[in-house]
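Reading through the C-alpha cells given below for one structure.
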There are 2 protein chains.
Amino acid sequence: MPQASPNAAGRLPDASPWDGIAERLRASGLRWTPQRRTLVDVLREHEGHVTATELIARCRERDQTTTPSTVYRTLDVLEDFGLVKHGHGPGGREEYHVLPDQVHGHLHCMACGATWEIRPETGAAIVDALAADLGFAVDLSHVTISGRCRVCRD
Amino acid sequence: MPQASPNAAGRLPDASPWDGIAERLRASGLRWTPQRRTLVDVLREHEGHVTATELIARCRERDQTTTPSTVYRTLDVLEDFGLVKHGHGPGGREEYHVLPDQVHGHLHCMACGATWEIRPETGAAIVDALAADLGFAVDLSHVTISGRCRVCRD
DNA sequence: CATGCTAGTGCAAGTGATTGCAATAGCGAA
DNA sequence: TTCGCTATTGCAATCACTTGCACTAGCATG
Ligand SMILES: [Mn+2]
Ligand SMILES: [Mn+2]
Ligand SMILES: [Zn+2]
Ligand SMILES: [Zn+2]
C-alpha cells in the first residue's frame with residue numbers, strides 16, 4: 001500500500017489541463033494513440049515556448065520512431081483543443097506556446113533571440129487600435145512582433 | 001532623331017528610387033549582374049506586396065535560367081538598400097513590399113487573404129504601447145498581424 | 001472477445017527558403 | 001584592352017513544413 005500523501009483521501013491533487021485529454025479526444029471521435037501520448041508527455045513537462053523542431057527532437061528521445069508529419073498533425077489537433085497555440089518567429093519558423101492561459105501575442109528580440117508574452121493590457125491596446133482604424137479583428141494569439149528588447153537596444 | 005518629348009531638353013523626367021541602382025551597388029563594392037537586372041526590372045513594374053515565389057516566377061518569364069537562391073540573395077541585398085522590405089504571411093511565408101515609402105507593418109486577413117498596410121498613426125500606437133510596457137523597440141517593418149478584415153469578420 | 005468503420009500513421013514527394021562550395025564573371029586598375 | 005581580385009552565380013544538399021495515399025490500428029458496438 002502506498003504511503004499516505006499530503007493530498008489526502010483520493011481527492012484531485014493539482015488538476016492539469018492535460019488531464020482527461022484521452023477522453024476528450026475520444027469524445028470528439030478522435031483517437032488516443034501511442035504517438036499522441038508521447039507528444040503529450042513531452043508537452044506536459046514543457047510550459048512556455050518551444051519550436052516544433054525541438055518538440056520533434058524531444059519526442060524522438062522517448063520514441064526513436066517519431067515521424068515529423070505525425071507530430072505536426074497532432075499539434076494541429078491539440079491547437080484545436082486550445083492546449084497549444086502557434087505563432088511564427090522572425091524567420092517564419094513555427095513556435096508553440098504550451099497551455100496558453102489566455103490569448104496573447106509574443107515579442108521576439110532579434111538580437112538575443114528571447115521571447116516574451118505581450119501583456120494583456122498592451123495586447124488590448126493593439127487590438128483596439130486596429131479595430132478603431134480599419135475595423136480589423138486581430139488574432140492576437142498568432143501575433144509575433146520582432147524588434148530589440150530593453151537590454152539589446154543599445 | 002526621336003520626336004521631342006513633353007519632358008524637354010534632357011532633364012530628369014520622373015525620378016524613380018530604382019534610378020542609379022547599378023551605380024549605388026558598385027559604389028558599395030557590389031556588382032551589377034544580368035540576374036540582378038532581371039529582378040530589378042520585375043520589381044520596377046510591381047509596386048506593393050509580392051511573395052518571393054511570385055517574384056521568382058516573374059523573373060523566369062524574362063530569363064528562363066533564373067535560380068531561386070540568386071533571387072533570394074539579391075532580395076537580401078535590395079533590402080539592405082531599403083528598396084524592398086520583407087515580412088511573413090500567416091503561414092510564415094515571405095512577403096516583400098516594394099519601395100516602402102515609410103516603415104510600416106502589415107495586416108493579413110485570414111479569411112480573404114488580403115493584405116493592408118498599418119497606417120502610420122496606428123503603427124505608432126503599437127510602437128509606443130510596447131516601448132512603454134517592456135521598453136521593447138519594435139521593428140515595425142517586419143510586423144504582420146493576422147486576423148479578419150472588416151468585411152470578413154461576420 | 002471478435003469485428004468493422006475510419007481516424008491516424010508512415011512514407012515519399014513536393015514547396016519554400018538557406019547554405020557551402022567550386023566555377024564564373026563583374027569591374028577597377030594598369 | 002587586358003588582368004586579377006573577389007563578388008556572384010548555380011548546384012546540390014539540407015532544413016522546416018505540408019500533403020496524398022495505402023496500410024494500420026483505435027475503439028464503439030454487438
Ligand atoms: Mn523575416
Ligand atoms: Mn501560422
Ligand atoms: Zn534581446
Ligand atoms: Zn478579409
Side-chain angles (χ1 to χ4, degrees), chain A residues 20-40 49-60 62-81 84-96 108 110 113 142 144, chain B residues 20-40 49-60 62-81 84-96 108 142 144:
Chain A
I21 176 63
E23 290 69 27
R24 271 179 285 158
L25 286 173
R26 282 192 278 257
S28 300
L30 305 180
R31 293 171 189 176
W32 184 239
T33 67
Q35 295 84 346
R36 289 180 175 177
R37 185 166 149 37
T38 300
L39 178 56
V40 167
H49 304 94
V50 222
T51 65
T53 304
E54 280 167 33
L55 290 173
I56 292 169
R58 301 227 175 210
C59 283
R60 232 189 278 270
R62 293 168 175 259
D63 174 5
Q64 237 287 302
T65 71
T66 299
T67 296
S69 54
T70 297
V71 175
Y72 283 112
R73 283 188 282 229
T74 300
L75 284 168
D76 286 345
V77 171
L78 296 178
E79 189 154 12
D80 288 340
F81 278 76
V84 301
K85 286 281 184 197
H86 87 275
H88 297 270
R93 298 280 148 78
E94 289 189 339
E95 281 178 3
Y96 282 86
H108 187 109
M110 302 165 82
H142 199 267
T144 299
Chain B
I21 176 64
E23 290 68 27
R24 271 178 285 158
L25 287 173
R26 282 193 278 257
S28 300
L30 305 180
R31 292 171 188 175
W32 183 240
T33 66
Q35 294 85 346
R36 288 181 176 175
R37 183 163 150 41
T38 301
L39 178 56
V40 167
H49 303 93
V50 223
T51 64
T53 304
E54 279 168 34
L55 290 172
I56 292 168
R58 300 228 175 209
C59 284
R60 232 190 277 270
R62 294 170 175 258
D63 174 4
Q64 238 285 302
T65 71
T66 299
T67 295
S69 54
T70 297
V71 174
Y72 283 112
R73 282 187 282 226
T74 300
L75 285 168
D76 287 346
V77 170
L78 297 178
E79 190 155 10
D80 288 341
F81 278 75
V84 301
K85 285 282 184 195
H86 87 274
H88 298 270
R93 299 280 150 76
E94 287 189 340
E95 281 179 2
Y96 282 85
H108 186 109
H142 199 267
T144 298

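This is a predicted model, so every value here is computed, not measured. Protein chains get the first letters and strands the later ones, always in sequence-line order, with residue 1 at the start of each. Side-chain atoms are counted along with the backbone in the values below, which use heavy atoms only and exclude waters and symmetry mates.
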**Item:** Note, A/His142 side chain near A/Lys85 side chain (heavy atom, < 4.5 Å)
**Value:** no
**Item:** Neighbour count above 12 (heavy atom, 6.0 Å) for B/Arg60 CZ
**Value:** yes
**Message:** Tell me if the side-chain of B/Arg73 makes a donor-acceptor pair with the base of C/dG20, cut-off 3.5 Å, by modelled atom types.
**Reply:** yes
**Asked** Can you tell me how far C1' of C/dG10 sits from CZ of A/Arg60, to the nearest Å?
**Response** 12 Å
**Item:** Presence of B/Gln35 side-chain N/O under 4.0 Å of D/dG10 phosphate oxygens OP1/OP2
**Value:** yes
**Complete:** To the nearest angstrom, the CG-C1' distance between B/Leu39 and D/dT9 comes to 14 Å
**Prompt:** So which one's nearest nucleotide on DNA chain D is more toward 5', B/Gly29 or B/Asp63?
**Reply:** B/Gly29
**Prompt:** Among B/Val77, B/Thr33, B/Val40, which residue meets the side chain to side chain contact (heavy atoms under 4.5 Å, CB included) test with B/Leu25?
**Reply:** B/Val77
**Complete:** Residues B/Tyr96 and B/Glu79: closest non-hydrogen pair is CE2-OE1, 3.9 Å
Show each protein N/O and nucleotides 24-30 of chain D N/O combination with a separation under 3.5 Å, one pair to a line.
{"unit_1": "D/dG26", "atom_1": "N2", "unit_2": "A/Arg31", "atom_2": "NH2", "d": "2.8"}
{"unit_1": "D/dG26", "atom_1": "N3", "unit_2": "A/Arg31", "atom_2": "NH1", "d": "3.4"}
{"unit_1": "D/dC27", "atom_1": "OP1", "unit_2": "A/Arg26", "atom_2": "NH1", "d": "3.0"}
{"unit_1": "D/dC27", "atom_1": "OP1", "unit_2": "A/Trp32", "atom_2": "N", "d": "2.6"}
{"unit_1": "D/dC27", "atom_1": "OP2", "unit_2": "A/Arg26", "atom_2": "NH1", "d": "2.8"}

Could you run down the sub-3.5 Å N/O contacts of the protein with nucleotides 15-18 of chain C?
{"unit_1": "C/dA17", "atom_1": "OP1", "unit_2": "B/Glu94", "atom_2": "N", "d": "2.6"}
{"unit_1": "C/dA17", "atom_1": "OP2", "unit_2": "B/Tyr72", "atom_2": "OH", "d": "2.5"}
{"unit_1": "C/dA17", "atom_1": "O5'", "unit_2": "B/Tyr72", "atom_2": "OH", "d": "3.1"}
{"unit_1": "C/dT18", "atom_1": "OP1", "unit_2": "B/Glu94", "atom_2": "OE2", "d": "3.4"}

**Asked** Atom CD in A/Glu94, atom NE2 in A/His86: separation rounded to 0.5 Å?
**Response** 5.0 Å
**Asked** What is the distance, rounded to the nearest whole Å, between atom CD of A/Glu54 and atom C1' of D/dA16?
**Response** 13 Å
**Item:** More than 12 heavy atoms from other groups under 6.0 Å of CZ on B/Arg58
**Value:** no
**Item:** Minimum-distance pair of heavy atoms, taken over all atoms of A/Val71 and A/Leu39
**Value:** O-CD2, 4.1 Å
**Request:** Any chance you could measure A/His88, atom NE2, to A/Arg93, atom CZ, to the nearest 0.5 Å?
**Result:** 11.5 Å
